[in-house]
Amino acid sequence: MESLAKTSIKYLHGVGPKRAELLTQELGICSYYDLLYYFPYRYIDRSKIHKISDLRQLGENGEMPYLQLRGQFAAFAVHGEGAKRRLNALFFDGTGSIDVVWFNKVRQIEESYHTGVDYIIFGKPALYNSRYSITHPEVEIYKPGQEVGGLKGVYSITDKMRQRSLTLRMFQQLVQNLLGVIGNITDPLPADIIAHYRFIPLRDALVNIHVPSSVQMLQRAQFRLKYDELFFLQLNLLRYSKSRSMKLGGHRFVRVGQHFNDFYNHVLPFPLTGAQKRVIKEIRADMGSGRQMNRLLQGDVGSGKTLVALMTMLLAIDNGFQACIMAPTEILAQQHYETISQLASQVGVKVALLTGSTSKKMRDAIHAGLASGEIGITVGTHALIEDTVVFARLGMVVIDEQHRFGVAQRAKMWSKNTVPPHVLVMTATPIPRTLAMTVYGDLDVSVIDELPPGRKPVTTVLRYDNHRQQVYRFIYSQLRQGRQVYIVYPLIQESEKLDLRNLEEGYDIIRETFPDYRVCFVHGKMKPAEKDHQMHLFASGEAQIMVATTVIEVGVNVPNATVMLIENAERFGLSQLHQLRGRVGRGADRSYCILMSHVKIASTTRHRLEVMTQTTDGFMIAEEDMRLRGPGDMEGTQQSGIAFNLHIADIAKDGQIIQAARNDAQRIIDDDPTLSKPENLKLARQLQFLYSHQQDWSRIS
Ligand code: ADP
Ligand code: MG
């Protein structure tokens, strides 16, 4: 493998310096290895040639597939001028005809294809003015007998490549050339794993992933390569977390002292839920182990994470350390501060709030209190990790709403002490298990899967634009009962201006519709002071309606708000809708979430919205979201450090392989943490090869 990775792609027969540059620029392919691991994203069955007369039926049965047709061109014709120039041709096969269109290289194409010659064309027919047409098909001269060719890989290539005549066909040829010269490949997997899963040899898998000899061989190749990818990913994560926990000690918190006990016995206003108790136990076990804790705490909105965080911070204090909790926004930090200082002060712990808007004077005082150790708990935003902040003995860091903190910021926190503080990362965005295993593979995970008793689930309904008046009447009835209402508009970056106009129009309409009530207005582009002012109007009850973008998604707590109306709900992801819905249902009164959508939405969109009306279980919603959108779009993955550079495995679909690969990797690491036993040297070497040039993400968090 190493030698393939060291051989520049320019030496491959058919490439050369120019094409090598193009391959690197467009697809990131620099070496033989890169091309070998550039897998097809789809396969066409070369033995199957469709009839044009079958297209209509194929199209009606679902999405039109990429397919092959065999026939001849007739009637080439150039239309348009300049940049709009295009070449049209009729392609017929005896059962019917379709249109074929080219927008580029019109002249060259016109010269190279001829009438009266049999061609195979390959592409995805689309219906246009009730006629099928294919744009930029792959075209080759039909040679009798070539249908037996079986499966052929289809690669994703760019327009720029096509323009420079590096077509799909040419690309396939390059892969063929490569497969002819790769020689022997040492299989990095241990023999017992290969035997256990009856894997085909790596070399066979690589050949068959590109040019499958049969459907069965393709499946076996896919299985093997997915496993490889996930296995080495897990092996890498587990090796790092193991070596970290062996190398780096952690503060040992063994005492359960006065602060914790006083709080538990005298201050805690309600019994803990079973899940909260279990999680606190897990955290205590970690913090008492002498190893640094790196734990992810997942729990739905309202499941009581803040309380768990507070109690763990009290443990740190009982053991002579300081603790801090970081929130992603000022408003959240403020809210945490209010909750936490109110509770902690009752057991004699001093709490400080440190954010970007803390005055210079105040800041200096806090810095002094932190350095002297007088301040036990600090609540803050990014301001907390500024270099000037020095703690006397920081033993515990809680990060709330993890996904809003970048990796680099956590790294900074980490470097504040020689013995690293225990880290508890809290998130209300439920992450499907398989995703957590991959993205946070080196963190331990605790889950609060139980809501405090007495919560009424939020009633969720889907309503279309044409029922707006009824919806407004309902809102009016809630307002009359003294409740408050959120109205949320989508704001997506691409068309911010337009969205903002929607939001402003919405604000005007709402004010006109509910003239007796005060409406406040919040969006992300506001100055922080103005935003805080508007938020405050709502939190204090002076305003009864808040019109906002998703800035209110995280954390804001107004128990009197009972209605969450989400405009253009079809434009939100499920997890985001779930987060928004979590803003209501926080008080004693029955709450409602109304998803407004256009009448005309695709059935998949309708299905997605209906998931919301059917369940309030955040994990189920997250699983569904991942299934529908794919893991790349899931919140929490973008900044998580592990870029989704998986070639073939699919986190949403390959859960079982992930689990198996993780178990296997765990077994090996438990037995040989440094991979230095002779039988594991091959593994160590492969990890070195795969990950040496990457960042050591696992040191972060
Ligand atoms: P999260 O941060 O997980 O969204 P919070 O910690 O803000 O949830 O808790 C939501 C609300 O539930 C708070 O008002 C909190 O006081 C309350 N709460 C937390 N734990 C319990 C419990 N065990 N029993 C009753 N209420 C609880
Ligand atoms: Mg919270």
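As the structure lists them, so they are numbered: ligands from 1, and atoms in each ligand from 1. Small disclaimer: the values here were computed from a predicted structure and weren't measured.
Under the 6.0 Å distance and 45° angle rule, Arg583 does not count as a cation-pi partner of Tyr486.
Distance check, rounded to the nearest 0.5 Å: CD1 of Ile621 to CZ of Arg608 gives 12.5 Å.
Contacts between Gln276 and ligand 1, counted as non-hydrogen atom pairs separated by less than 4.0 Å, involve the side chain only. Heavy atoms of Pro271 found under 4.0 angstrom from ligand 1 belong exclusively to the backbone. At a 4.0 Å heavy-atom cut-off, ligand 1 does not touch Ile448 at all. If you look at Thr306 next to ligand 1, the close heavy atoms, those under 4.0 Å, come from the backbone and the side chain alike.
Between Asp300 and ligand 1 there is a heavy-atom distance shorter than 4.0 Å. Within the 4.0 Å heavy-atom shell around ligand 1 one finds Ser303.
For the residue pair Ala622 and Ser575, the shortest heavy atom distance occurs at CA-OG, 4.2 Å.
Salt-bridge check for Arg278 with Glu282: passed, with a basic side-chain N closer than 4.0 Å to an acidic carboxylate O.
For Phe514 and Tyr472, the ring centers sit closer than 6.0 Å to each other.
Here's the thing with Gly302: one of its N/O atoms is less than 3.5 angstrom from an N/O atom of ligand 1.
For atom 8 (O) of ligand 1, the nearest non-hydrogen atom from the set Pro269, Gly304, Gly299 comes from Gly304.
When each atom of ligand 1 is checked for a heavy atom of Thr273 under 4.0 Å away, the hits are 23 (N). Proximity to Leu272 (heavy-atom distance under 4.0 Å) selects the following atoms of ligand 1: 23 (N).
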Intermediate values then yes/no, side chain to side chain donor-acceptor pair (under 3.5 Å), Arg662 and Gln234 | CA-CA 6 Å; Arg662 185 169 174 92; Gln234 292 297 333; 2.6 Å; yes

